[in-house]
Amino acid sequence: MNAFQWLYSDVVKEHFVNPRNVFDPDEKFEADAEGVVGNIKCGDQMMFLLKIKDEIIQDVRWKTYGCASAIASTSMLSESVKGMDIRKAYGIKPQDIAAKLGGLPENKIHCSVLGDKALRAAIDQYLEKQGRTGEFKGEDAVVICTCLNITDKDIEEAVKAGAHDWQKLQEATKIGTVCGGCKSKAEELLHEYVHIYS
Amino acid sequence: MSRTFVYMDYNATTPLRPEVKERMVEALDVYANASSLHESGRRARAEIEEARASVADLIGAKDTSGLYFTSGGSESNNTVFMTMYQLGRKNPSRRKIITSSIEHPCVMNAAAYLAEEGFPVVYLPVDSSGRVDMEALKKELGPDTLLVSVMAANNEIGTIEDIEAISALAKKAGALVHSDATQAVGKVPVSVEDWGIDYLTLSCHKIYGPKGIGALYVRPGAPIQPLIRGGHQENGVRAGTYNNLGIIGFGKAAQLALSDLPEFGARMAALRKRLMDGLVSRIPLVKVNGHPEAVLPNTLNLSFPGAEGEAILLSLDLEGIQVSTGSACASGSLEPSHVLLATGLGPELAHGSIRFSLGRNSSEKDVDYVIEKLPPIIQRLRRMSTVNPLQSQDQSQTNAPLDRLPGEKVPATTA
Ligand SMILES: Cc1ncc(COP(=O)(O)O)c(C=O)c1O
Ligand code: FES
């Protein structure tokens, strides 16, 4: 076993060394949609560019500022969404990408896998341009607060709208105000989304 | 195929020097308990006292009476802070702790513990080169100040603090003075007498000796409480059967570090300059972190805007080059290096920072290998980055060392 394997899987290493579909300014890639998420302050930022025809992703380019697993996970995602229906691509989760990469350390799944969010942002922009704003929202949502039927997507939207701490999130969604059992899970998501969107 | 392997992480730890290793192999047979009164005990004790004298010499201590062996820098620092805890509880009118905002985590967290316990704790700001703001120190000092603790040299950026001046100010206010000299010892002259300090921390694994052994110097008469209670070893200041092997190795490492110091420092400074000049001239937009002159001769900290530190580190690692980074992604937290942030560096430059720390086995060949391998790595990462500093900068000045990037926070203090 070589020491590099110990940190990340061979697949990660391969994508880090030879990333696929990286945006090249000289190539004049004409995108139908673009999505950017993340924050340099937190150490990761990502941009996805999509060519879409008949609801199918024809081609994709990306750029990322981030660590090795951020680069590798975006590269892997870009490969797997080519030829994919945009509705299906919209539902891709960080865990799906991590699995394809042969696993990532837990803390890396939260902070470095931003590709799915950048992809969703690009698809959202595409839908918006088509007058179909928000058409895929709410799909694949996971209920976090069972008392109040509040999903991860609801938390994500609240954070995007400026709820950057627990108090503001509660004011925006009322999450955790009944049994309180969802608090730790919700705080984890809050932390993650603040990292991504603030 | 032989693979090039370049270790440039000597501030993290150093390999054993062959002479130290040899001495330790002999010392493996020094099994006796150095507290025993019989002959083998006395012989072990004599070796330990010889080592103590070498360590005292290295830090310019007049005699060995205030020198205690510990398990390392972290323990020595914690012993001082826990002593302050005891003193401050007994005398709440003097319990303010003044330290700097760029200390090693073992000081930062020991100070944070005292803060949790209700002690007033101040983290002095530093200027953009990492030097402690002396005006802020003057303002904070008062009859309530119990301890001033400032590191002699910083592990990440290598900046050397003016401990003599800090100590003089603190003494006027009647405060005790501690310095964590873990990184300074063996690289620059260190003298507890010249500095006039009460406590000094050092650790053996940074000077080509074994890990898990260090020392705390306590000026005779200065208060000290054991962190580890037990037997009478070390005058009751540090209990536990003597670590013969570690202590004897430490003695040898200290003796060699002292005799090599002038030659070693000059050689490191020349290598550092070669590395810095080589990288700055070949890579556009590089920020040199730390103080331009008051800096450890072996430590070079650079920021590469547009490229992230962990990605740089792992790219270098694939070429056989070992360095470290101040990026959050490498630390498991979401915050980049508190040291670089304290110098006013923007988070992007902190995430894109790499520390090269040279040492005894470093050669010009090593340095030239890094100068050859790093430029294409930075170029590649910047090309795929969402932030490309080269597009937003005046190309004419790209090979000049960066002072400050647009949008960067200017530190609140000037010193
Ligand atoms: C400045 C400084 N203080 C303290 C320590 C901790 O020393 P030790 O590893 O011996 O506990 C280190 C080592 O990383 C250091 O660089
Ligand atoms: S699960 Fe959220 S308040 Fe009960």
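A note on names: the letters A, B, ... follow the listed sequences, proteins ahead of strands, and every chain is numbered from 1.
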Distance-minimising heavy-atom pair for A:S69 and B:E310: N-OE1, 4.3 Å

Interface moiety of B:A307 toward chain A, non-hydrogen atoms closer than 4.5 Å: backbone

Steps toward side-chain contact (heavy atoms from CB on, under 4.5 Å) verdict (B:E308, A:I71): CA-CA 10 Å; B:E308 190 277 331; A:I71 290 168; over 6 Å; no

Charged tip of B:R380 within 45° of A:F16 ring normal and under 6.0 Å: yes

Verdict with supporting geometry, B:L318 and A:K13, side-chain contact (heavy atoms from CB on, under 4.5 Å): CA-CA 10 Å; B:L318 287 169; A:K13 179 175 167 182; 3.5 Å; yes

For B:Y123, ring pair (Phe, Tyr, Trp, His ring centres under 6.0 Å) partners two or more places apart: none

CZ-CE distance between A:F23 and B:M384, expressed to the nearest 0.5 angstrom: 14.0 Å

Min side-chain heavy-atom separation B:L314-A:Y8 under 4.5 Å: yes

Neighbour count above 12 (heavy atom, 6.0 Å) for A:Q167 CD: no

Spacing of A:K63 atom NZ and B:R382 atom CZ [to the nearest 0.5 Å]: 12.5 Å

Contacting moiety of A:V36, where chain B heavy atoms sit under 4.5 Å: neither

Other residues, nucleotides, ligands: >12 heavy atoms within 6.0 Å of B:K211 NZ: yes

Residue pair A:G66 / B:A311: nearest heavy atoms and the distance that separates them: O-CB, 3.6 Å

Over 12 non-hydrogen atoms of neighbours within 6.0 angstrom of CD in A:E14: yes

Enclosure of B:K21 NZ (heavy-atom neighbours >12, cutoff 6.0 Å): no

Minimal non-hydrogen separation, A:Y65 against B:G352, with atom names: OH-N, 3.9 Å

For A:F29, ring pair (Phe, Tyr, Trp, His ring centres under 6.0 Å) partners two or more places apart: none

Interatomic distance, A:M47 atom CE to B:T386 atom OG1 [nearest 0.5 angstrom]: 7.5 Å

Any side-chain heavy-atom pair of A:D24 and B:R383 under 4.5 Å: yes

